[in-house]
Amino acid sequence: MKLSVLQTVCLTLVVIATVVGIGSFIRGLSQMVSIIAEGAPAPGRGKPLARRLWLAISKPLSHSAFKGRPFIKAAHWLVMVSFPLLFLTLVAGYGQVVNPHYTLPILGSFAPWEWTVEAIAWASMAGIIWLIVVRTRAGKGRPGEAESTGRDGQKRPSRFLGSAWSHARFVEGVILGVVICVLLLRILEYALLSKDPATAVSAWHFPFTFLLGKLAAHASVGALQNAIVVTATVKIVISMAWMVVVGLAISMGVAWHRFLAFVNIYARRKVDGSKALGAAAPMYAGGKPVTAKSMENLEALEGESLGVGSLADMTWKDRLDIFSCTECGRCQEVCPAWATGKPLSPKLFITALRDHAVASSSFAQAAAKMGASDTDELVQGTKSLYRGSLMPHNADVLGALRDAKITGADGVAIEPAPLVCNVISPETLWACTTCGACVDQCPTDLEILDHIIDIRRHQVTMQSAFPQDLARPLRSLQRQQNPYGISGKKRLDWAKDLDFDVPVVGQDIPNASSVDYLFWVGCAGAYDDRAKKTTQAVAQMLHHAGVTFAVLGSGESCTGDPARRAGNELLYQTLAAAAVEKLNEAAPKRIVVTCAHCFNTIRNEYPELGGNYQVIHHTELLSTLVAEGKLKPLIENGKHKVTLHDACYLGRHNGIYNAPRELLGALPGFEVTEMPRTKDRAMCCGAGGAHAFMQDTIGVRIADARVSEAAATGADTVATACPFCSTMLASGRPQEGEAPQVADVAILLRDAVLEKTVEEKPVQQEEEEDDWDDFFD
């Protein structure tokens, strides 16, 4: 078949575009794979194979990680499935450039396939247009521009603030252009076939384009043939242009995540399908987890870099994680630190690491080509080399240079750059409360908290660099096994005013196997004045319901949660090992816990250390006792409007949302109202990540912001289910109006079940603040 001039020109363009596009894509992919493969080992991320493959397929197809925004979820799903389903139309396009009548063998005239192509093309076009509208309405996200109104009614900058605007628009334009070409080709194919008397063309093969095809049939055969050739060429060139650009810009997460998300989900930390919440990831040394037992062999740890201090310390999974970010900003939108004006955006944290990795690789390649002999020459040379090219949009040039691990012509090695201060500021690193909102909302399963904790681990264990506020609690944890620095002999002071005896394991009973529950009081429950009231209320309710329990008394110590979330992994391992040993000696049937942080640690982290227990939160146990009729809330203390604050380490980290609500629903005289941000989208109180022992001085206090939300509901009481939440929120000041009272649900239940024999005065907010300030003096 002789080609026309138009076909010859189009075929030439197609061949050039294809060669350049595939070459660029392979180059970019190989560069990315090289960067990821240079990472340290990530044990346990490959097996079990079948389970991981199922998650890698089912998670993206179900879009179960997309929370909220059902229309955006549907639009994104349609765009996602269009990529593989419409790929064969790209293959057919090559044949149409040579022969406008070309169709794929067998499949090309298979009616179900034709229906699928047309349906997906129209649906994905609607989907991408909707996504374009969403991003356009949000604006570029500059501060003060295109603010969005959240569910709490507050104005905030767009979640796209800091995302690569041009990258997103380019990808959206490519998708829209491709699906338009697919539909246009179907319309032209119908029109061309209708010109052939021997062909009985019908709507059966063109169900969603035949009407437009009839309009196009007024054109001549030659015009239709040329239109098909040109449209197929445009479609191929657009597709290859995409491959060229993404190959040059491997930091374009909004494009690359369509490939990497599947691999990242496959290599996720938890193979049960849940997010990387609950237990923190282990800290590794020499490819093995660091534990109290391995710490006994100090020689094995000598020379090891603990935690993540530079790009060289990141595992291949860490690096895969940072390349899989799509910059959607869902994590940024729910981050309490970001919402209150602190210098932490989980999205920008990840993209800074990604761009740093890309820039480091680029600098290393450039240095090798130039044979740079010193730092200044390398900096100037790379600036010249990359001027005007697609450099990452927020790469740290000097940090990347130092992290490139280059040996110059003079034989002097350039040391890897510390991530903190070069890529991540200390203020950014320590602003995180480890609430887990970012991980919970991430659609590509990024393990953001693991990265933050790993960098903190290096700062604390290798650099002895941490906020001054943490010096005292960490020292107290080491000396007195509690962050308050109070003697263990006072751990039972909370029980002095009770009208019944609380048995102590090892003193009154040999172990906890003879009682229903071991009551793990926790450091806050034993030492904090407000939390002690919750401890008393739980004990009173258990005693009233006839539930037998015992405590460890002075034998109890901190679970280690504040130390671990603050990055002091070695101290955590020491505390946790001691606690597990004590619990194993106590041999409890079940453990009831009031502190959400203790609950999370004992339930999720102690099994790694040989501590396997049945752990229940006090709201779960009390809710069960109410349901069984063993606790009967009868006393109505007036009419109250109450709102519940979901504790992060009870809710997001452990999925317990209903138990506190069931208790509140059983209280007479209480009208329960929800805050705008609730359950899995609830805002943190500001205590997590050891922030209960740190001053919140940047931006708005997180506790103040949360209390403002509570006050806006009109509630006179904020119910809590964690002692740290109670303390933080009780010190909060709303922007408008008076602060509601704060009380644990156990106290509200106790007051509804038992008559008060002594009228307790509410703790004055001013006195609490004075006491809290004394802690920092």
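Since the model is a prediction, treat every value here as computed from it, not as a measurement.
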Participant: Can you tell if the side chain of Asp696 reaches within under 4.5 Å of the side chain of His691, non-hydrogen atoms only?
Facilitator: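 Asp696 does not reach His691 side chain to side chain.
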
Participant: When rounded to the nearest 0.5 angstrom, what is the spacing between CD1 in Ile36 and CD in Gln31?
Facilitator: 11.0 Å

Participant: Report yes if some heavy atom in the side chain of Arg52 is under 4.5 Å from a heavy atom in the side chain of Ile265; otherwise report no.
Facilitator: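 No, every pair of side-chain atoms sits at 4.5 Å or beyond.
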
Participant: Restricting to non-hydrogen atoms, name the atom on Leu729 and the atom on Cys685 that form the minimum distance, rounded to 0.1 Å.
Facilitator: CD2-CB, 4.0 Å

Participant: The test is side chain to side chain contact (heavy atoms under 4.5 Å, CB included); show your working for Tyr266 and Leu55 and say whether it passes.
Facilitator: CA-CA 6 Å; Tyr266 174 88; Leu55 289 173; over 6 Å; no

Participant: Hey, could you give me the OG1/CZ distance between Thr461 and Arg456, rounded to the nearest 0.5 Å?
Facilitator: 13.5 Å

Participant: What verdict does the side chain to side chain contact (heavy atoms under 4.5 Å, CB included) test give for Val592 and Leu518, after you've listed the backbone C-alpha separation in whole Å, the side-chain angles of each residue and the deciding distance to 0.1 Å?
Facilitator: CA-CA 6 Å; Val592 60; Leu518 174 67; over 6 Å; no

Participant: Say you draw a straight line from CG of Asp313 to CG of Leu419; how long is it, rounded to the nearest 0.5 Å?
Facilitator: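 If we round to the nearest 0.5 Å, Asp313:CG and Leu419:CG are 8.0 Å apart.
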
Participant: Is the backbone of Val290 close enough, under 3.5 Å, to the side chain of Gln573 for a donor and an acceptor to pair up by distance?
Facilitator: yes

Participant: Give a yes or no answer on whether the side chain of Lys347 reaches the backbone of Gly329 with a donor-acceptor pair at less than 3.5 Å.
Facilitator: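 No, Lys347 side chain to Gly329 backbone: no donor-acceptor pair under 3.5 Å.
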
Participant: Please determine whether a side-chain nitrogen of the Lys or Arg among Glu327 and Arg354 lies less than 4.0 Å from a carboxylate oxygen of the Asp or Glu.
Facilitator: yes

Participant: Strictly below 4.0 Å, N to O, side chains only: are Asp445 and Arg268 in salt-bridge contact?
Facilitator: yes

Participant: Yes or no on salt bridge (Lys or Arg N to Asp or Glu O under 4.0 Å) for Arg564 and Glu569, after CA distance, side-chain angles and deciding distance?
Facilitator: CA-CA 5 Å; Arg564 187 169 222 193; Glu569 182 70 15; 3.0 Å; yes

Participant: Apply the side-chain contact (heavy atoms from CB on, under 4.5 Å) test between Leu575 and each candidate in Leu570, Val580, Leu477, Thr601; give the one that qualifies.
Facilitator: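 Only one of Leu570, Val580, Leu477, Thr601 forms a side-chain contact (heavy atoms from CB on, under 4.5 Å) with Leu575, namely Leu477.
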
Participant: For the side chain of Arg319 and the backbone of Ala357, is there at least one donor-acceptor N/O pair under 3.5 Å apart?
Facilitator: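 Answer holds: no.
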
Participant: Output yes when a side-chain donor or acceptor of Thr340 lies under 3.5 Å from a complementary backbone atom of Gly699, and no otherwise.
Facilitator: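 No: the side chain of Thr340 does not pair with the backbone of Gly699.
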
Participant: Which distance, rounded to the nearest 0.5 Å, do you find between the CG of Asn600 and the NE2 of His617?
Facilitator: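 Reported to 0.5 Å precision, the distance equals 11.0 Å.
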
Participant: Check for a donor-acceptor pair, side chain of Thr434 on one end and backbone N or O of Gly689 on the other, with a separation under 3.5 Å.
Facilitator: yes

Participant: Can you tell me how far the OG1 atom of Thr326 sits from the CD1 atom of Ile350, to the nearest 0.5 Å?
Facilitator: 13.0 Å

Participant: Judged by atom type as modelled, is there a donor-acceptor pair below 3.5 Å linking the side chain of Thr727 to the main-chain atoms of Phe724?
Facilitator: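 No: the side chain of Thr727 does not pair with the backbone of Phe724.
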
Participant: State whether the number of non-hydrogen atoms from other residues, nucleotides or ligands found under 6.0 Å of Gln478 atom CD is greater than 12.
Facilitator: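 Counting neighbours around CD of Gln478, 12 or fewer heavy atoms of other residues, nucleotides or ligands fall under 6.0 Å, so no.
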
Participant: Side chains of Thr351 and Ile322, heavy atoms from C-beta outward: is any pair under 4.5 Å?
Facilitator: no

Participant: Any chance the side chains of Thr291 and Lys293 put a donor and an acceptor closer than 3.5 Å?
Facilitator: no

Participant: Given the rule in the side chain to side chain contact (heavy atoms under 4.5 Å, CB included) test, do Ile486 and Gln480 qualify, once you have shown the distances and angles that lead to the verdict?
Facilitator: CA-CA 7 Å; Ile486 302 175; Gln480 278 90 23; over 6 Å; no

Participant: Using a strict 4.0 Å threshold on nitrogen-to-oxygen distance, state whether Arg652 and Asp646 make a salt bridge.
Facilitator: no

Participant: Is the closest side-chain donor-acceptor distance between Thr534 and Thr594 under 3.5 Å?
Facilitator: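 No.
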
Participant: How about Trp256 and Phe323: do any of their side-chain heavy atoms sit closer than 4.5 Å?
Facilitator: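 Of all side-chain heavy-atom pairs linking Phe323 with Trp256, none is under 4.5 Å.
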
Participant: So, for His451 and Phe349, is the gap between ring centers shorter than 6.0 Å?
Facilitator: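 Not under 6.0 Å, so no.
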
Participant: Between NE2 of His618 and CZ of Phe519, what distance do you get to the nearest 0.5 Å?
Facilitator: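 Between His618 NE2 and Phe519 CZ, I get 8.0 Å after rounding to 0.5 Å.
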
Participant: Where do Phe160 and Cys328 come nearest, in terms of heavy atoms and distance?
Facilitator: CE2-O, 3.6 Å

Participant: Report yes or no: do Ser294 and Lys288 form a side-chain donor-acceptor pair below 3.5 Å?
Facilitator: no

Participant: Is there a side-chain contact between Ser557 and Asn482 (heavy atoms, below 4.5 Å)?
Facilitator: no

Participant: Check the side chains of Arg565 and Tyr649 for a donor-acceptor pair under 3.5 angstrom, ignoring hydrogens and angles.
Facilitator: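 Tyr649 vs Arg565: donor-acceptor pair found between side chains.
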
Participant: Is the closest side-chain donor-acceptor distance between Asp561 and Thr559 under 3.5 Å?
Facilitator: no

Participant: Please find out if less than 6.0 Å separates the ring center of Tyr484 from that of Phe693.
Facilitator: yes

Participant: Using atom types as modelled and distance alone, determine if a side-chain donor or acceptor of Ser425 lies under 3.5 Å from a backbone N or O of Cys421.
Facilitator: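 Here the side-chain-to-backbone pair does not exist.
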
Participant: How about Trp316 and Arg45: do any of their side-chain heavy atoms sit closer than 4.5 Å?
Facilitator: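 In contact.
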
Participant: Looking at every heavy atom in both Ile702 and Lys342, which two are closest together, and how far apart are they?
Facilitator: CG1-NZ, 4.0 Å

Participant: Is there side-chain contact between Arg457 and Asn568, with heavy atoms separated by less than 4.5 Å?
Facilitator: no

Participant: Less than 4.5 Å apart, side chain to side chain, heavy atoms only: is that true for Ser310 and Pro418?
Facilitator: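 Contact flag for Ser310/Pro418 side chains = no.
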
Participant: Backbone N or O of Gly253 within a donor-acceptor pair of the His257 side chain at under 3.5 Å?
Facilitator: yes

Participant: So which heavy atom on Met462 is nearest to which on Ser305, and how close?
Facilitator: CE-CA, 4.0 Å

Participant: Got a donor-acceptor contact below 3.5 angstrom from the Glu447 side chain to the Arg269 backbone?
Facilitator: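 Yes.
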
Participant: Any side-chain to backbone donor/acceptor pair from Arg51 onto Val271? Under 3.5 Å, distance only.
Facilitator: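 Checking the backbone N and O of Val271 against the side chain of Arg51, a donor-acceptor pair under 3.5 Å is found.
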
Participant: Considering non-hydrogen atoms only, spot the tightest contact between Ala276 and Asp450 and give its length.
Facilitator: CB-OD2, 4.3 Å

Participant: For Asp318 and Thr315, test the side chains for any donor-to-acceptor distance below 3.5 angstrom and give the result as yes or no.
Facilitator: yes

Participant: When you look at Cys725 and Arg706, which way does the side chain to side chain contact (heavy atoms under 4.5 Å, CB included) test go after all the steps?
Facilitator: CA-CA 10 Å; Cys725 293; Arg706 186 56 168 167; over 6 Å; no

Participant: Which pair of heavy atoms, one from Asp355 and one from Ser251, lies closest together, and at what distance?
Facilitator: OD1-CB, 3.4 Å

Participant: Side chain to side chain donor-acceptor pair (under 3.5 Å), that's the test. Do Tyr613 and Asn584 meet it? Break it down for me.
Facilitator: CA-CA 9 Å; Tyr613 317 107; Asn584 286 342; 2.8 Å; yes

Participant: Regarding Asn264 and Thr444, do their side chains bring together a donor and an acceptor under 3.5 Å, going by distance alone?
Facilitator: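 Side chains of Asn264 and Thr444: no pair found under 3.5 Å.
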
